[in-house]
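Note that the structure is a prediction, hence the values are computed from the model and not measured. As a basis for the values below, the full set of heavy atoms in this structure was taken, side chains included, without hydrogen atoms, waters or symmetry mates.
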Amino acid sequence: MDQKFCSDLQTWVDSGPRAGSSARYMRLAAFRGSEDEIIMWGIATDAGCEEDTDCRDEADKQFVGEVAPMTHYWWINQFAEAASVCLRGNPRIGKIDLLDDEAGLRESIASRNGARIVISWDRTDCDFEGCTTFEVDYR
């Protein structure tokens, strides 16, 4: 499970910047749906696009397509924990206790093939599980 996610994340980072940009961005959050829906797994994503536009490219769509089914057995915070280990972030994001009401921003910075990657987890604007964000700068 960790190895597949790590491989998918590395492939996404290695795909390089989006056209017309020097970066790549993805924010993952739990998707709950409405009360009358039955959802086996779901993920809400924010690719950092301008309002009312979809700037996601094929690498973004492939990454989300691979990661989305994992939400059936992973919490959103586990993506940050695993990414920090996978990309050898410094400092590593340790185990996040979702029951700790004081749990705040966790951040790790890694590099891969010249790209600077910021991995973060936070509850701001997110529910109980928080959001995991990947910001990649290729400059």
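Val136 and Tyr25 fall into different hydrophobic clusters, where Ile, Leu, Val, Met, Phe, Trp and Tyr side chains are chained together by heavy-atom contacts under 4.5 Å. Residues Val85 and Phe134 fall into different hydrophobic clusters, defined by Ile, Leu, Val, Met, Phe, Trp and Tyr side chains chained together at heavy-atom separations under 4.5 Å.
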**OP:** Apply side chain to side chain contact (heavy atoms under 4.5 Å, CB included) to the pair Arg116 and Val118, showing each step before the final yes or no.
**Re:** CA-CA 7 Å; Arg116 181 179 188 269; Val118 177; 3.3 Å; yes
**OP:** Before giving the answer on salt bridge (Lys or Arg N to Asp or Glu O under 4.0 Å), spell out for Arg106 and Asp122 the whole-Å C-alpha distance, their side-chain angles and the decisive distance to 0.1 Å.
**Re:** CA-CA 7 Å; Arg106 299 280 187 92; Asp122 197 8; over 6 Å; no
Original post:
How far apart are the C-alpha atoms of Glu107 and Ile93, what are their side-chain angles, what is the distance that settles it, and do they pass the side chain to side chain contact (heavy atoms under 4.5 Å, CB included) test?
Top reply: CA-CA 7 Å; Glu107 191 171 81; Ile93 294 175; 5.8 Å; no
**OP:** Walk me through it: do Arg56 and Val64 pass the test side chain to side chain contact (heavy atoms under 4.5 Å, CB included)?
**Re:** CA-CA 10 Å; Arg56 294 176 301 162; Val64 171; 5.5 Å; no
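Atom CG of Asp14 sits about 7.5 Å away from atom OH of Tyr138, to the nearest 0.5 Å. One distance of note links SG of Cys86 with CD of Glu81; it measures 13.5 Å at 0.5 Å rounding. Distance check: Ile109 CD1 to Ser120 OG gives 10.0 Å after rounding to the nearest 0.5 Å. Rounding to the nearest 0.5 Å gives a distance of 11.0 Å between CE of Met26 and CG of Leu9. From Ile119, atom CD1 reaches atom CD of Glu135 across 10.5 Å, with rounding to the nearest 0.5 Å.
Between Phe5 and Phe63, the ring planes lie tilted relative to each other; the angle falls in the 30° to 60° range.
Here the side chain of Ser21 pairs no donor or acceptor atom with the backbone of Arg18 at under 3.5 angstrom. Under the 3.5 Å distance criterion, the side-chain polar atoms of Asp100 are left unmatched by any main-chain donor or acceptor of Asp97.
For Asn90 against Ser108, the heavy-atom pair with the smallest separation is N-OG, 3.3 Å. Closest of all the heavy-atom pairs between Glu129 and Ile76 is OE1-N, 2.8 Å. Between Pro91 and Ser84, the shortest heavy-atom distance links the atoms O-OG, 4.1 Å.
Contact check for Cys55 versus Glu50: no side-chain heavy atoms found under the 4.5 Å cut-off. With contacts defined as side-chain heavy-atom distances shorter than 4.5 Å, the pair Cys131/Arg27 qualifies. The side-chain heavy atoms of Trp12 and Glu66, taken from C-beta on, include no pair separated by under 4.5 Å. Two residues are said to be in side-chain contact when any heavy atoms from C-beta on lie closer than 4.5 Å; Ile96 and Arg123 fail this criterion. Here the side chains of Val13 and Gln10 are not in contact, with every heavy-atom distance at 4.5 Å or above.
Ionic pairing of Asp8 and Lys4 is present here: one or more N-O contacts between side-chain nitrogen and carboxylate oxygen are shorter than 4.0 angstrom. The existence of a salt bridge linking Asp137 and Arg24 is excluded, since no basic side-chain nitrogen approaches an acidic carboxylate oxygen closer than 4.0 Å.
A side-chain donor-acceptor contact under 3.5 Å links Ser22 and Arg139.
Among pairs with a residue in residues 91-121, none fulfils disulfide (SG to SG under 2.5 Å), at least two apart in sequence or across chains.
Partner of Trp121 under the side chain to side chain contact (heavy atoms under 4.5 Å, CB included) criterion, out of Leu105, Leu28, Asn77: Asn77 alone.
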